Structure formats: C-alpha cells, structure tokens
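Every chain is numbered from 1, with letters handed out A, B, ... down the list of sequences. Reckoned from all heavy atoms, side chains included, excluding hydrogens, waters and symmetry mates. All values derive from a computational prediction rather than experimental measurement.
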Amino acid sequence: SLTNEQEKDRIKALPGQPEVAFSQFSGYVTVHKKHGRALFYWLTEAATHNPLENPLVLWLNGGPGCSSIAYGASEEIGPFRINETASSLYLNKYSWNKQANILFLESPAGVGFSYTNKSSDLRDSGDKRTARDALTFLKRWMSRFPQYRYRDFYLSGESYAGHYVPQLAKKIHDYNKNHSNPFINLKGFIVGNAVTDIKYDNIGTVAYWWSHSIISDSTYKSIMSSCKFTSAKYSQNCDDAINYAWNYEFGEIDQYSIYTPSCN
Amino acid sequence: CIENNAEKYYNRPDVQHAMHANSTGISYKWTACSGELLDNWKDSEFSMLPTYKKLIAAGYRIWMFSGDTDSVVPVTATRFSLSHLNLTVKTRWYPWYLNGQVGGWTEVYDGLTFATVRGAGHEVPLLQPQRGFLLFQSFLAGKNLPRS
C-alpha cells in the first residue's frame, strides 16, 4: 500500500500533458533540518505492465549547479518534451522510463526547485556535502517509497555528474558495508561525457580541439607548452593561451555539439 | 535553444502547483543552472580515478560513454583518463550497430565498459535518442552493444 506521504506527492497530470499510463510523483525530501535544506525529486515510473518488476534508476545532471529536470528529464531521457511556447508537452519516443523507473533529483540544494533556508549554503557547496545530502535523500526517499527498497538500483548521469555519480556510489557502498541487510541495492552506474580527471581530461580535450580543427597548430603548441593541468588553477600563460583559442579561433559554435547550429 | 522551453514551463505557477514544487516560495526564479552554486563551488576532487578503482574492485557494473561531437568533455578526454586505469581488455574495440548504421564504437574491460555514440554531443540522448536508448537497454541488461 502506498504511504500517505507518497500519495501526497502523486502528480495527477502536468499542465498540457498527453494521457499516459505510468504514475508520476514529485516533491521534497528534507536532507538537513536545521539549515532547512530540501531536495526536489521527480519520479516517472516505468511505462510497463508492472513497474514493480523494473529497476530504479537515479539520473543526475552536472554543472555543478544544473538541474536534472531541466536537462535529463526535459530534453534527454524523460517521458515528455516541452513545446516551444511551453504550453504543452509531447511524448519522447525513446524515454528511458520504457525500461526503468526514472528518478530525477535536483542536487545540491540551490539547484532548480531544491532549496535551503540558510543562504550561506549556496556559497559553500561542494562535492562532499553534495554526496552526503544525496545519500540522506535516498535513505529518506526510500522510507517514503518502501516499494523501492531492495529493488535493483542504478545511478546515471552526465558531465559534472562524473563526480556526483561515483562519489554517491562510494557513499552507498560504504553505508551498505555497515548494514547487514542493505536496502539500497546498488548494482552499478552509467555516466556520459563525464568529468573524470582534471589533468587527463584537459589533455584529451585540447587534443580533441586540435584533431577536430577547432584550434590552430600554434595555439595547440602554446596551450600544451604553457598548461601543466596539474592543479585546478592555471598559470597566466596557460589562461592566455586558452582564452586566445576561445576568443579568436573557436568562433560561434555550440561547444557541446560542434556540428549543430549554435543557439543565438 | 531547447532549454528556453524549460525556463518557461517550470516557472508557470500551475506547473509548480501540479508538481508540489516551490511550496516555500523560493525567492528566485527556477532556472536550469545556478550561477551562484557554480561560482562558489568549494571542494572538487582532482581525480575520480581512485574512486573508480575501488568501485570496480567492489564488482559494480560500470559503463562510461561519450557523445563524439562534444568539445567540452570530449571523447578523447574520457579515453585519456580511462587509459590511466590500466584496465585489462576483455573485448577489443569494435563498432556497434543500430538500424544498419554504426551507432558508435565500444571496448569492454575487466570491470568497465566504454562506448562512444556517433554524432551525439554532450547530452547524448538529446541528439541521438535512439542510440542513447539502446545504450541504456544494453547497460541494464548487462549485455555488450550489438555487433550488427
């Protein structure tokens, strides 16, 4: 039986939404009572004959500071797309909820609808607290949705979630090690275009810029000779070389998709 | 410009009501990315590779993929980082197919599967939704991507 709290979160229908057979829930889970930090989630259950048989998949976008509802849910893997005038929704033929129950989480507090009552929280967020709050969210969310306890569970995400996902996976792993019958049944994770290692990511990124003819040979040489990428802080020469590339060689492209039109 | 649609839709009061969102009356509009969080991000791990090593050793199913037209976290960035895990190759590099077309390339290591998605950018399911869906299906099934 669904908990009362769960029923309170049920979405009857979104404005302009087409008729669907799967259930949806959304709402807040408090992750830090004293600071009034609460994370917002949106669950789109599996569009299958019995969602109870399908795994649960948590999706996180990166940034840091970007919303899984703005990107993951609304333009990537969610069941709906928003039309140009934002007056109605239409179905995504390749929605991932055709295979699984998809849980979108706006994380950390300050992203999207997720909020904090302590405004200083917005100026000292970081990997550690984000992972800690996300684990707290999961434990409390699974109390509200006990039908998902012990269910096959996967994490997924892209970009800076290349940090969030493995860090949360590690937290879950350590939490489970200290509990005899762990209810967060993590089986694995999948990440796309994931921020992984500052040094190697940067070297590989500059190689991509050069091999895809976005930057000149001389700029490639000046970046590779002045940038060590051994710390998050770049030297002035390195900064100058990269800024030159961005300002004079890249041109007006969509860096996130270099062969499609850029958005003016 | 597709994210402009979300900026409009999720700031509609009737949408927020239907989603039980913004119940405390947040003092700022809903937006796709918070500049304040990004500009003030405090701790960020230099490398996730040590965490990957621990999670691979713990036996989790781990897949990484790259849309190959992204220049922000491009496919060569991920491949170069992955190469420093020194994983053993189980199934050598091969093209995977969907509808008779190469959907991308993949290589399976002991403990991790890597795949590219041809013609997709940073947000793979946005530009190559069908290829992204097959990738997800294969991941959930624990099966290698199709060779034909």
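Only the side chain of B/Phe139 has a heavy atom closer than 4.5 Å to any heavy atom of chain A. Only the side chain of A/Phe40 comes within less than 4.5 Å of a heavy atom in chain B; its backbone stays farther off. Interface residue A/Glu106: only side-chain heavy atoms are found under 4.5 Å from chain B. Only the side chain of A/Trp209 comes within less than 4.5 Å of a heavy atom of chain B; its backbone N, CA, C and O stay farther away. In this structure, chain B has a heavy atom under 4.5 Å from the backbone of A/Ala109, while its side chain stays farther away. Heavy atoms closer than 4.5 Å to chain B are found in both the backbone and the side chain of A/Pro15. Interface remark: A/Lys8 contributes backbone atoms only to the contact with chain B (heavy atom separation under 4.5 Å). B/Ile26 touches chain A through its side chain: at least one heavy atom from C-beta onward sits under 4.5 Å away, while N, CA, C and O do not. Looking at A/Ser211, neither its backbone nor its side chain comes within 4.5 Å of chain B, counting heavy atoms on both sides. Proximity to chain B (any heavy atom under 4.5 Å) is restricted, for A/Asn83, to the backbone atoms N, CA, C and O. Only the backbone of A/Phe229 has a heavy atom closer than 4.5 Å to any heavy atom of chain B. Residue contact with chain B, scored on non-hydrogen atoms closer than 4.5 Å, involves the side chain of A/Leu89 exclusively. Interface residue A/Gln99: backbone and side-chain heavy atoms are both found under 4.5 Å from chain B. Contact annotation for A/Val57: only side-chain heavy atoms (C-beta onward) come within less than 4.5 Å of a heavy atom of chain B. In this structure, the portion of A/Thr130 lying under 4.5 Å from any heavy atom of chain B is its side chain and not its backbone.
Ranked by heavy-atom pairs shorter than 4.5 Å toward chain B, the options A/Pro64, A/Cys263, A/Ser87 are led by A/Pro64. Per-residue counts of heavy-atom pairs under 4.5 Å with chain A were compared for B/Glu36, B/Met48, B/Lys29; the largest is that of B/Met48. Put simply, of A/Ser125, A/Gly65, A/Pro261, the one with the most heavy-atom pairs under 4.5 Å next to chain B is A/Ser125. Comparing B/Leu140, B/Val75, B/Thr31 by heavy-atom pairs within less than 4.5 Å of chain A, the highest count is held by B/Leu140. Ranking B/His17, B/Met19, B/Arg79 against chain A, the residue ahead of the rest is B/Met19, based on heavy-atom pairs under 4.5 Å. Top candidate by heavy-atom pairs under 4.5 Å with chain A, chosen from B/Ala120, B/Ser44, B/Ser66, B/Gly121, is B/Ser44. Residue with the most contacts toward chain B among A/Ser262, A/Ser156, A/Gly110, A/Ser74: A/Gly110 (heavy-atom pairs, distance under 4.5 Å). The residue among A/Ile214, A/Asn61, A/Val195, A/Leu186 with the most heavy atom pairs within less than 4.5 Å of chain B is A/Leu186. The most heavy-atom pairs under 4.5 Å with chain A, out of B/Lys8, B/His20, B/Lys42, B/Gln137, come from B/His20. When the candidates B/Met64, B/His84, B/Glu7 are compared by the number of heavy-atom contacts under 4.5 Å with chain A, B/His84 comes out ahead.
In this structure, B/Asp43 contributes its side chain and A/Asp127 its backbone to a donor-acceptor pair below 3.5 Å. Between the B/Thr76 side chain and the A/Gly204 main chain, a donor and an acceptor come within less than 3.5 Å of each other. Checking side-chain atoms of B/Asp70 against main-chain N and O of A/Ser257 turns up no donor-acceptor pair under 3.5 Å. B/Arg12 contributes a side-chain N or O that, together with a main-chain N or O of A/Ala86, makes up a donor-acceptor pair within less than 3.5 Å.
Taking the side chain as every heavy atom from C-beta outward, B/Val124 and A/Asn193 approach each other to under 4.5 Å. A/Tyr154 has its side chain out of reach of B/Trp63: every pair of non-hydrogen atoms, C-beta onward, lies at least 4.5 Å apart. Residues B/Asn40 and A/Asp124 are not in side-chain contact: their nearest non-hydrogen atoms beyond the backbone lie 4.5 Å or more apart. Contact of the B/Leu37 side chain with the A/Pro108 side chain is registered, since non-hydrogen atoms from C-beta on lie closer than 4.5 Å. Proximity of A/Thr205 to B/Ser71: side-chain heavy atoms (C-beta onward) are nowhere separated by under 4.5 Å. With a 4.5 Å cut-off on side-chain heavy atoms, A/Asp201 and B/Phe80 do not count as touching. Within the 4.5 Å cutoff, the side chain of B/Gln128 has no heavy atoms near those of the A/Tyr94 side chain. Between B/Tyr52 and A/Thr196, some side-chain heavy-atom pair lies under the 4.5 Å cut-off.
Residues A/Ser67 and B/Tyr10 bring no donor and acceptor atom of their side chains to less than 3.5 Å of each other. No side-chain donor-acceptor contact under 3.5 Å links B/Glu123 and A/Tyr71. Side-chain contact annotation: A/Asp197 with B/Ser81, donor-acceptor N/O pair under 3.5 Å absent.
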Exercise for the section: For B/Asn5 and A/Thr85, run side-chain contact (heavy atoms from CB on, under 4.5 Å): C-alpha distance rounded to whole Å, both residues' side-chain angles, the deciding distance at 0.1 Å, then the answer. Expected result: CA-CA 7 Å; B/Asn5 305 350; A/Thr85 56; over 6 Å; no
Handout entry: Derivation and outcome, side chain to side chain donor-acceptor pair (under 3.5 Å), residues A/Tyr115 and B/Ser27
Key = CA-CA 10 Å; A/Tyr115 68 87; B/Ser27 59; over 6 Å; no
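To the nearest 0.5 Å, atom CG of residue A/Asn92 and atom CZ of residue B/Phe133 are 9.5 Å apart. Atom CH2 in B/Trp41 sits 10.0 Å away from atom NE2 in A/His163 (nearest 0.5 Å).
None of A/His173, A/Lys187, A/Lys170 except one satisfies the side chain to side chain donor-acceptor pair (under 3.5 Å) rule with B/Tyr60; the exception is A/His173.
The minimum heavy-atom distance linking A/Ile11 with B/Ala18 is given by the pair CG1-O, 3.8 Å. Considering all non-hydrogen atoms of both residues, B/Trp30 and A/Ala70 come closest at CH2-CB, 3.4 Å.
By the 30° and 60° cut-offs, the orientation of the rings of B/His122 relative to A/Tyr256 is perpendicular.
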